[in-house]
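Worth knowing before you read on, the calculation uses all heavy atoms, side chains too, and leaves out hydrogens, waters and symmetry mates.
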Amino acid sequence: MSEEKSLNFLEEIIENDLKSGKHQTIVTRFPPEPNGYLHVGHAKSICLNFGLAKKYGGYTNLRFDDTNPVTEDVEYVESIKDDIKWLGFEWANELYASDYFEQLYEFAVTLIKKGLAYVDDSTSEEIAQQKGTPTQPGTNSPYRSRSVEENLQLFADMRAGKYRDGEKVLRAKIDMAHPNMHMRDPVIYRIKHAHHHRTGDAWCIYPMYDFAHGQSDSIEKVTHSICTLEFVPHRALYDWLIEKLEIYPSKQYEFARLNMTYTVMSKRKLLQLVNEKHVTGWDDPRMPTLSGMRRRGYTPESIRDFCDRIGVAKRDNLIDVGLLEFCVREHLNKVALRKMVVFDPVKVILTNYPAGQTEMVASENNPEDAAAGERLIPFSGELFIEREDFMENPPKKYFRLAPGQLVRLKSAYIIRCDEVVKDANGTITELRCTYLPESRSGSDSSGINVKGTLHWVSAQHAVPIEVRLYDRLFMVDDLSATEGDFKEYINPDSLKVIPNALAEPSLAKAKPDEHYQFMRKGYFIVDADSKPGKPVFNRTVTLKDMWAKSSKM
RNA sequence: UGUCCGAUGGUGUAACGGUAGCACAGAAGAUUUUGGUUCUUUUAGUCAGGGUUCGAAUCCUUGUCGGACAACCA
């Protein structure tokens with residue numbers, strides 16, 4: 001009955017904390033910096049933070065880590081909120097580290113008074129010099145022994161704007177010989193005369209990540225502060241600050257970030273792709289951003305399912321993008337409406353079909369969902385089928401159309417190819433076929449069973465649509481194993497546009513929020529670039545294609 | 001030549017001293033008016049050496065390999 005789903009290491013920690021009475025309830029937070037768009041790696045973190053809180057009856061704050069005004073922007077704040085909501089999560093409180101600037105300042109003063117922080121006049125180069133290296137201890141700054149009074153005055157002057165950017169910093173006084181580089185008197189406040197998107201010009205000193213994040217967690221009484229592995233070395237400082245400040249002891253736990261094949265997942269690189277126009281924007285359907293994936297036709301359900309399946313652990317990983325594709329296919333198969341669209345048309349003339357006649361054939365909208373009903377599609381003696389669905393000299397197991405061979409036209413009749421018409425270049429211009437009148441779908445009395453079923457459109461009824469076919473953005477699966485500029489590995493064929501595909505008439509009225517399966521082609525969704533009379537569709541993902549796979553070998 | 005983290009089929013992830021399981025991918029077959037879906041079956045794994053133990057993926061130890069760490073970024 002109860003399929004004992006095993007717990008990941010974070011769930012184990014939480015269950016232990018709940019069991020031992022350390023916590024009655026849990027509080028998590030999702031802490032994006034508003035300097036870029038959210039990507040599928042963030043989705044993993046969102047699903048974790050919000051999912052854990054939901055599972056254990058706690059709540060999650062959305063807290064923007066907005067401590068660096070020069071890289072941050074409200075545009076990003078809005079997109080981040082949209083993406084989280086779209087993914088299907090609700091935060092308990094919308095908070096900002098900048099809300100705590102005054103409190104954080106007081107914390108810094110407390111540290112100074114305890115003799116645990118000092119104002120340093122060293123340049124950034126000098127500070128870097130003093131840091132030493134991972135294998136060599138650092139050296140003390142000449143300003144390290146300033147008195148508490150002097151530090152207090154200097155820090156107040158920093159806040160008052162008496163100094164230029166970079167002239168002074170506030171450093172924690174810990175241990176310049178500490179084996180953990182982050183404990184070698186880290187900078188905790190720096191001067192930036194910059195306009196902040198929320199606090200305006202109220203401040204010219206801003207706390208560093210290490211002096212904002214843990215303290216914000218503590219202020220919010222976050223019980224489990226979950227972040228990625230690169231913050232492991234920061235944990236000692238996180239704990240040190242909380243201990244010295246004697247504030248609520250939030251605890252930090254780290255998991256391995258998501259890496260995926262054939263893509264990059266760093267905001268810096270994604271920003272570069274956008275700025276250098278390798279993609280059309282943050283929401284380009286080839287981007288691993290949530291806005292890009294949404295535009296591409298991914299569903300929140302499929303992304304959540306993906307995050308669930310990839311699991312959570314502490315070892316580095318590289319997830320096959322095929323798993324993401326599996327998840328979206330699995331969801332879309334259940335909900336997408338089936339349509340027929342011919343990408344590369346070749347004309348089929350039914351020589352024995354009454355001239356000028358048109359009839360309507362019924363076709364199920366979704367064989368996986370009877371409630372989706374049926375639609376009527378016009379059929380006539382002049383049709384288009386896919387060029388690749390015909391072969392003049394077919395191999396053994398080719399089930400599609402060939403001279404003398406029978407195929408069914410989906411939801412319509414069985415036809416046989418009698419004659420191939422070519423132009424002077426040898427290109428096929430027309431296939432002359434005969435149809436079996438008694439083979440009509442639903443009232444087939446022909447007794448004939450054919451192996452292949454093709455999609456088609458009626459020539460006079462077809463509507464032109466633009467179709468955009470996306471492929472992986474990069475040509476190598478593991479970008480971390482490459483050398484040189486990652487942009488050298490961009491796939492030049494990541495977008496193929498078919499400006500005039502021919503669709504069944506119902507697609508002229510496609511709805512922006514509906515997912516479609518173009519039969520035998522893939523899953524598609526309307527793009528925002530659509531214009532009246534000229535809809536544009538993005539391919540979310542292809543269908544699995546065993547034939548293409550086996551025929552390649 | 002430092003500190004920290006990690007290592008289970010191709011890729012992920014379980015097994016908490018007691019039969020190495022699941023998913024994706026791969027292969028074979030059945031069904032199918034989508035070469036889709038669905039359903040069977042199947043290939044393939046504990047980094048290496050030593051130790052503790054009746055018994056080790058699990059504990060100890062040494063080594064190997066991978067990753068992180070030297071921004072006034074987060």
**Study point:** Nearest-neighbour nucleotide for the A:Asp316 side chain, B:G67, B:G36, B:G6 considered
**Key:** B:G67

**Study point:** Pair A:Asp66, A:Ser98: side-chain N/O donor-acceptor within cut-off below 3.5 Å
**Key:** yes

Practice item. Would you kindly give the CZ-to-C1' distance between A:Arg400 and B:G36, to the nearest whole Å? Key: 12 Å

**Study point:** Nearest-Å distance for atom pair CZ/P, residues A:Phe379 and B:U33
**Key:** 18 Å

Practice item. Just call it for A:Phe231: base, sugar-phosphate, or nothing, with non-hydrogen atoms closer than 4.0 Å on any strand. Key: base

Review point. If you check the A:Glu230 side chain, which of B:G36, B:A68, B:U33 turns out closest?
Key: B:A68

Practice item. Find the distance A:Glu33:CD to B:C73:P and express it as a whole number of Å. Key: 10 Å

Check your understanding: How about A:Phe64 and A:Tyr96: are their ring centroids closer than 6.0 Å?
Key -> yes

**Study point:** A:Thr67, nearest nucleotide to its side chain (from B:C4, B:G6, B:A74)
**Key:** B:A74

Check your understanding: So, does the side chain of A:Arg309 form a donor-acceptor pair with the base of B:U13 at under 3.5 Å?
Key -> no

Practice item. Return the value, rounded to whole Å, for the distance between atom CG of A:Leu436 and atom C1' of B:U33. Key: 14 Å

Exercise for review: Between A:Pro179 and A:Thr123, name the one whose nearest nucleotide on RNA chain B is closer to the 5' end.
Suggested key: A:Pro179

Check your understanding: Of all the choices, B:G2, B:U33, B:G36, which nucleotide is nearest to the side chain of A:Thr135 once you look at every atom?
Key -> B:G2

Point to revise | Pi-cation contact, A:Phe486 with A:Lys269 (under 6.0 Å, within 45°) | key: yes

Exercise for review: Could you tell me whether A:Tyr298 and A:His331 have their ring centroids closer than 6.0 angstrom?
Suggested key: no

Check your understanding: Which part of the nucleic acid, if any, lies within contact of A:Lys192, taking any heavy atom under 4.0 Å across all strands shown: a base, the sugar-phosphate backbone alone, or nothing?
Key -> sugar-phosphate

Practice item. Go through B:U34, B:U37, B:G12 for me and flag the one nearest to the A:Leu318 side chain. Key: B:G12

Practice item. Mind checking A:Phe326 for me? I need base, sugar-phosphate or nothing, with any heavy atom below 4.0 Å counting as a touch. Key: sugar-phosphate

Practice item. Please tell me which of the listed nucleotides, B:U34, B:C73, B:C24, lies nearest to the side chain of A:Met208? Key: B:C73

**Study point:** Protein-nucleotide distance (A:Gln129, atom CD; B:A70, atom P), rounded to Å
**Key:** 15 Å

Practice item. For A:Ile414, answer base if it contacts any base atom (sugar-phosphate contacts may also be present), sugar-phosphate if it contacts only those atoms, and nothing otherwise; contact means non-hydrogen atoms under 4.0 Å. Key: nothing

Practice item. By nearest nucleotide on RNA chain B, pick out whichever of A:Arg520 and A:Pro207 is the more 5' one. Key: A:Arg520

Check your understanding: When the distance from CD1 of A:Ile127 to P of B:C72 is rounded to whole Å, what number comes out?
Key -> 6 Å

Practice item. May I ask you to check whether A:Phe524 and A:Phe537 place their ring centres under 6.0 Å from each other? Key: no

Review point. Roughly, in whole Å, what's the span from CZ in A:Phe255 to P in B:U13?
Key: 12 Å

Study note, to complete from the structure: Among B:U34, B:A25, B:G2, the one nearest any side-chain atom of A:Lys549 is B:A25

Point to revise | pi-stack flag for A:Trp547 and B:G35, centroid dist under 5.5 Å, interplanar under 30° | key: yes

Review point. So A:Trp282 and A:Tyr76, would you call those rings parallel, tilted or perpendicular, with 30° and 60° as cut-offs?
Key: perpendicular

Check your understanding: For the base of B:G6, is there a side-chain donor-acceptor partner from A:Glu254 under 3.5 Å away?
Key -> no

Review point. Taking CG from A:Leu271 and P from B:A74, how many angstroms apart are they, rounded to a whole number?
Key: 16 Å

